[in-house]
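Shown next, in structure tokens, is the structure this report addresses.
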Protein chains: 2
Amino acid sequence: MQEKLSIKHIANLVGTSITTVSFVLNGKAKEKHISEKLTEKILKVVAELDYQPNSIARSLRTGKTKIIGFLVDDISKPFFSGIARVIDQKASARGYKIIFSSTGNDKKRISEILNIFKDRHVDGYIIAIAEGLEEEIGRLISGKAPVVFFDRYLPEIDADYVLTDNFQSTATATQHLLDNGFKKIGFVTIDTEQQQMLDRLQGYTDTVKKVKAKPQVLKIKYTNSEDSTEKIKSFLQENPDLDAIIFAANYLTMDGLRLSRLGMEQLLSSKAVLSFDDFELLEFISPSITAIEQPIEALAENIVQLLLKKLNAGESKNSGERSVLKINANLNIRQSTQTLVS
Amino acid sequence: MQEKLSIKHIANLVGTSITTVSFVLNGKAKEKHISEKLTEKILKVVAELDYQPNSIARSLRTGKTKIIGFLVDDISKPFFSGIARVIDQKASARGYKIIFSSTGNDKKRISEILNIFKDRHVDGYIIAIAEGLEEEIGRLISGKAPVVFFDRYLPEIDADYVLTDNFQSTATATQHLLDNGFKKIGFVTIDTEQQQMLDRLQGYTDTVKKVKAKPQVLKIKYTNSEDSTEKIKSFLQENPDLDAIIFAANYLTMDGLRLSRLGMEQLLSSKAVLSFDDFELLEFISPSITAIEQPIEALAENIVQLLLKKLNAGESKNSGERSVLKINANLNIRQSTQTLVS
DNA sequence: CTGAAAGCGCTTACAG
DNA sequence: CTGAAAGCGCTTACAG
């Protein structure tokens, strides 16, 4: 196993030029009218020596690295690491590799990372944007870098997005509660302008209004877990008539469930509980909790597809059509929303 | 913002040669006796134009990519994604990037991935080996690639490892149970030759033997969760005198806790419970469960440090000193192991 | 049907 | 103290 194999060696061995070898290697044998005989001979030698073209040299020449930059708040969050796993799989199958970084939601850090990615000449970007970073991101896409955003949506940034259909999933979940006989459904969310949270709220509101019910919403100004739990407690105490409650995000579900650890279990146990975002705990505890599960596989598949389409389209038509893909989530129905025996 | 900035432009602008610019950029100004005046002038122009050398060209020339390949079973497992996050952080701070892949414990896949990594000319590897892959891995390190293994230990592979100190952590945890008055401690593990599991078992065995207690061990031939839960149930029923139980891995803890969902809670509730591996659920349920928490931050820091040391040592002394670093885990003491009121 | 040569953007031995 | 030039290993116009 000699390390130094290069196209030159192959050319010498076959007795032809590196040009011809390169053509054959790049599948341009036909196009360039290389004789079948020569083509076969080259392929045979290449196979025998297990020669693989140096990807760095190729990158330098072509300007393409076949590397995609993946940028999220925190790669260790289950949602993001789940996405990462599938994206790597899909991208690998198409010859791309992923490099990633976690921003920790730090503005300075995100600029640095984008710089590093650019410096590494990544072909494209996959990003879950955090708010407050519009500027950096805006610069990125106006620089025409191929980018696909996911998870978060920023209306002011006109780009390609792949998102969970927050509105529809929440509407479906709310309808599920109504179907099972729950009439007074409360909704716990945070006080924010984040589009995905607004969509979830809207999905809930529209659905309860359809049956002329009055939305009852708690908007928490989120500072920390304890405070949030406290506010949920007050909300439940002040609205004893609620017979179901939807938590609009995993951490809110956790904060709500924490009530049972404070000896306040009766506040929740009398009601149906439904969580936006699913996680192991919800299936495990008793009663198990119905949850909206983000469609990680489908999200990842669409992210990769969309990005690769943009990469292959090349410079040709990078303006024009922006796509915002919304993918339906799954509703995992469990004990916590079982039909009322009334 | 012109895209085409190259070292040539800088040289022209300053009125010097690319050689000189390169020396200055690489911090060899002093060494190469470039005048301070020229050095400053170059640095100023570089700063003004925000010029950054093309990393691909540099890689082609130097043979170094400043990329590290990270290989695990499944990047979305919390332990691995936690490690990934910290490794990325530490490595980024030193100018390295991580590319990753999940093997899914598939032999063919691992060969492919190692090939891809090699093809990408990664400078080094960080790998959690799975058993059965000794061959591929052996080839890798005999090829003198800089590798650091973590999480798993394969005695037959003489390489660098960074590991949780499974023996010591389990011994400490067992001692904690003894200190709190538990006398008859059971140990649930799997039937395996995996070194880390053997070490955990040994940590338990040695500790109970110190107080002349008899080890009571359940070794499960692991097929699936249901079967495992069933075996744990039988073990508990056949050994009603046990007053404490240690689960040697997170999935075993889960299988054990599942008993409570089957209405068998009394089997466990009368005993102290301790888990090797910590996760959210354990802190959350009631009673909360004492757990050994793998020291992710310290593991990651040591992995990166060790690998970079090897990279920087270069060809000079890659033989010789192998290191096996064992890092102590934290014991998170919770309600499930509280002192017996006897 | 095939090849000589330029060039991607660097680093570094060599020469002055 | 500084620069011209080779070369890393490819791809691809251009010429035959």
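Each chain gets a letter, A, B and so on, in the order its sequence line appears, and its residues count up from 1.
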Note to self: For Phe79(B) and Phe150(B), take the angle between the two ring planes, folded into 0 to 90°, and tell me which bin it lands in: parallel under 30, tilted 30 to 60, perpendicular over 60.
What the structure shows: tilted

Checklist line | Of Ile68(B), Asn302(B), Val162(B), Ile87(B), the residue whose pairing with Leu307(B) passes side-chain contact (heavy atoms from CB on, under 4.5 Å) | finding: Ile68(B)

Note to self: Quick check: on DNA chain C, is the nucleotide nearest Thr19(B) upstream (toward 5') of the one nearest Ser17(A), or the reverse? Name the residue that is more 5'.
What the structure shows: Ser17(A)

Note to self: Could you walk me through whether Val45(A) and Tyr51(A) satisfy the side-chain contact (heavy atoms from CB on, under 4.5 Å) test, starting with their C-alpha distance in whole Å, then the side-chain angles of each, then the deciding distance to 0.1 Å, before giving a yes or no?
What the structure shows: CA-CA 8 Å; Val45(A) 173; Tyr51(A) 163 71; over 6 Å; no

Next item on the list: Counting Watson-Crick and G-U wobble pairs only, both distances under 3.5 Å, name the nucleotide matched with dA13(C), or none.
Entry: none

Next item on the list: Hey, could you give me the CD1/OG1 distance between Ile67(A) and Thr65(B), rounded to the nearest 0.5 Å?
Entry: 8.5 Å

Checklist line | Interface limits on DNA chain C, where chain B has a heavy atom under 4.0 Å of a nucleotide atom | finding: dG9(C) to dA13(C)

Check: Hey, are Asp119(A) and Lys66(B) close enough for a salt bridge, meaning a charged N less than 4.0 Å from a carboxylate O?
Finding: no

Item checked: Shortest non-hydrogen contact from His121(B) toward Ser55(A) -> CD2-OG, 4.2 Å

Margin query: Which nucleotide, if any, forms a Watson-Crick or G-U wobble pair with dA4(D), using both distances under 3.5 Å?
Written below: none

Next item on the list: Answer yes or no: are there more than 12 heavy-atom neighbours, outside Glu156(A) itself, under 6.0 Å from its atom CD?
Entry: yes

Notebook entry, point to check: When all nucleic acid strands are considered with a 4.0 Å heavy-atom cut-off, which category describes Ser55(B): base, sugar-phosphate, or nothing?
Noted result: nothing

Margin query: What's Arg61(B) touching, base or sugar-phosphate or nothing? Going by heavy atoms closer than 4.0 Å.
Written below: base

Note to self: Using every non-hydrogen atom in the two residues, find where Ile34(B) and Val24(B) come nearest and quote the distance to one decimal.
What the structure shows: CG2-CG2, 4.3 Å

Next item on the list: Would you please name every residue forming a salt bridge (Lys or Arg N to Asp or Glu O under 4.0 Å) with Arg58(B), sequence neighbours left out?
Entry: none

Item checked: C1'-based separation of dG16(D) from dT12(D) [nearest Å] -> 16 Å

Notebook entry, point to check: Which residues within residues 35-42 of chain A lie with some heavy atom under 4.0 Å of an atom in DNA chain C?
Noted result: Ser35(A), Leu38(A)

Item checked: 5' priority, DNA chain D, between Ile18(B) and Ile34(B) [closest heavy atom] -> Ile34(B)

Next item on the list: Using the closest heavy atom to pick a nucleotide of DNA chain C for each, name whichever of Lys28(B) or Ala57(B) lands nearer the 5' end.
Entry: Ala57(B)

